[in-house]
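Have a look at the structure below, then the notes.
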Amino acid sequence: MNQTTMRRKLIAGNWKMNGSVAANAVLLEGIRAGANGLAADLAVCVPAPYLAQAQSALSGSVVGWGGQDLSLHQAGAYTGEVSGAMLRDFDCQFVIVGHSERRSLHGETDAIVADKARQALASGLTPIVCVGETLEEREAGDTDNVVSRQLMAVLSVLGQQTGKIVVAYEPVWAIGTGKTATPEMAQQVHARLRALLVGVDPVAGPGVRLLYGGSMKPDNARGLLAMSDIDGGLIGGAALKAEDFLAIAKSA
Ligand code: PEP
């Protein structure tokens, strides 16, 4: 078996700030109903108020669930924040960390993202660590530097835990814009991220799943997911329709 076949693909939905109890019920039931027998792992990262709903709809199914962010702190006077332990209380397996919207709209620095990844692991959650360059950075030829800096900030605080994370490459210019990186463009960045992971941990690095995110849809997923270092997708808009989400998972 080579290293690629050892990595089972993961298709994770990022619902962002979308949903309602009524709409989620339809979406979760649709995903659950179509999830059996797929060759990929599936998960949905839902807004915190809907964690109990995701837990009750998905318990006993093959679909995992998670949060979209977590606090740096464990408990206390942090109004509005949600701790890793609270996510675990709802049986979350995953939490997204360092999404570009958190970085740009909430001022999350590389150091904060690294701390959150560490906090997630300490809470028993798998962090889905997002990295990605803006359009300006890509046009300036800085893509490699930016994603390397973002990933190394996290890896440098994890100690022996490199193998416990998932990484998502999400070019900022492709998120929610309908513009997707070509499979070759994405693979080039994924290969760079893989090299960093393997450099830090030659044993665990080859097994870390590298997701692509940025306008992944049923009609472009197959090409992206066929690349040797693209081990799944982090899906925004297309995760809000069970049919589209499952179609992406089927092409994995
Ligand atoms: C995301 O926000 O993680 C994302 C990939 O969004 P979209 O699929 O809508 O581009």
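Worth saying up front: this structure is predicted, and the values here are computed from it rather than measured. In each ligand, atom 1 is the first atom listed, and ligand 1 is the first ligand listed.
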| Under 3.5 Å, is there a donor-acceptor pair between the W173 and E133 side chains? | yes
| If you draw a 6.0 Å radius around NZ in K241, do more than 12 non-hydrogen atoms from other residues or ligands fall strictly inside? | no
| Considering only the protein, which heavy-atom contact is closest to atom 6 (O) of ligand 1, and what is its distance? | G236 CA, 3.4 Å
| request: Tell me, please: is H99 in heavy-atom contact with ligand 1, that is, under 4.0 Å? | output: yes
| task | Measure up the Y212 and H190 rings against each other and bin them: parallel (under 30°), tilted (30 to 60°), perpendicular (over 60°). | result | tilted
| task | Run the contact test for A174 against ligand 1 with a 4.0 Å cut-off on heavy atoms, strictly below, and give the result. | result | yes
| said: I want to know if ligand 1 touches G237 in the polar sense, i.e. an N/O pair below 3.5 angstrom. | reply: yes
| note | Counting from 1 in the order shown, the ligand 1 atoms closer than 4.0 Å to a non-hydrogen atom of I175 are 1 (C), 2 (O), 4 (C), 6 (O), 10 (O)
| query | Regarding E170 and H99, is there a side-chain donor-to-acceptor distance under 3.5 Å anywhere? | reply | yes
| Taking only heavy atoms of N14, which atoms of ligand 1 are found under 4.0 Å from at least one of them? | 1 (C), 2 (O), 3 (O)
| request: Could you tell me the separation between the OG1 atom of T109 and the CZ atom of R103, rounded to the nearest 0.5 Å? | output: 8.5 Å
| field | Within-shell test, G214 vs ligand 1, heavy atom, strictly < 4.0 Å | value | yes
| said: One thing to verify: whether R7 and D229 come together as a salt bridge, which I'm taking to mean a side-chain N less than 4.0 angstrom from a carboxylate O. | reply: yes
| Atom pair CG/CD of D201 and Q160 - distance to nearest 0.5 Å | 6.5 Å
| Backbone or side-chain N or O of L234 under 3.5 Å from ligand 1 N or O | no
| query | atom 5 (C) of ligand 1: which of M216, E170, Q68, K179 has the nearest heavy atom? | reply | E170
| query | Charged N to carboxylate O below 4.0 Å: is that the case for D231 and R194? | reply | yes
| Is there at least one pair of N or O atoms, one from T177 and one from ligand 1, spaced under 3.5 Å apart? | no
| request: Taking only heavy atoms of S215 into account, list the atoms of ligand 1 that are under 4.0 Å away from them. | output: 7 (P), 8 (O), 10 (O)
| field | Ligand-side contact atoms (ligand 1) for residue partner K16, heavy atom cut-off under 4.0 Å | value | 1 (C), 2 (O), 6 (O)
| Contact check: G176 vs ligand 1, nitrogen or oxygen atoms, below 3.5 angstrom | yes
| message | Is it the case that over 12 heavy atoms from other parts of the model lie below 6.0 angstrom from the CD atom of E243? | response | no
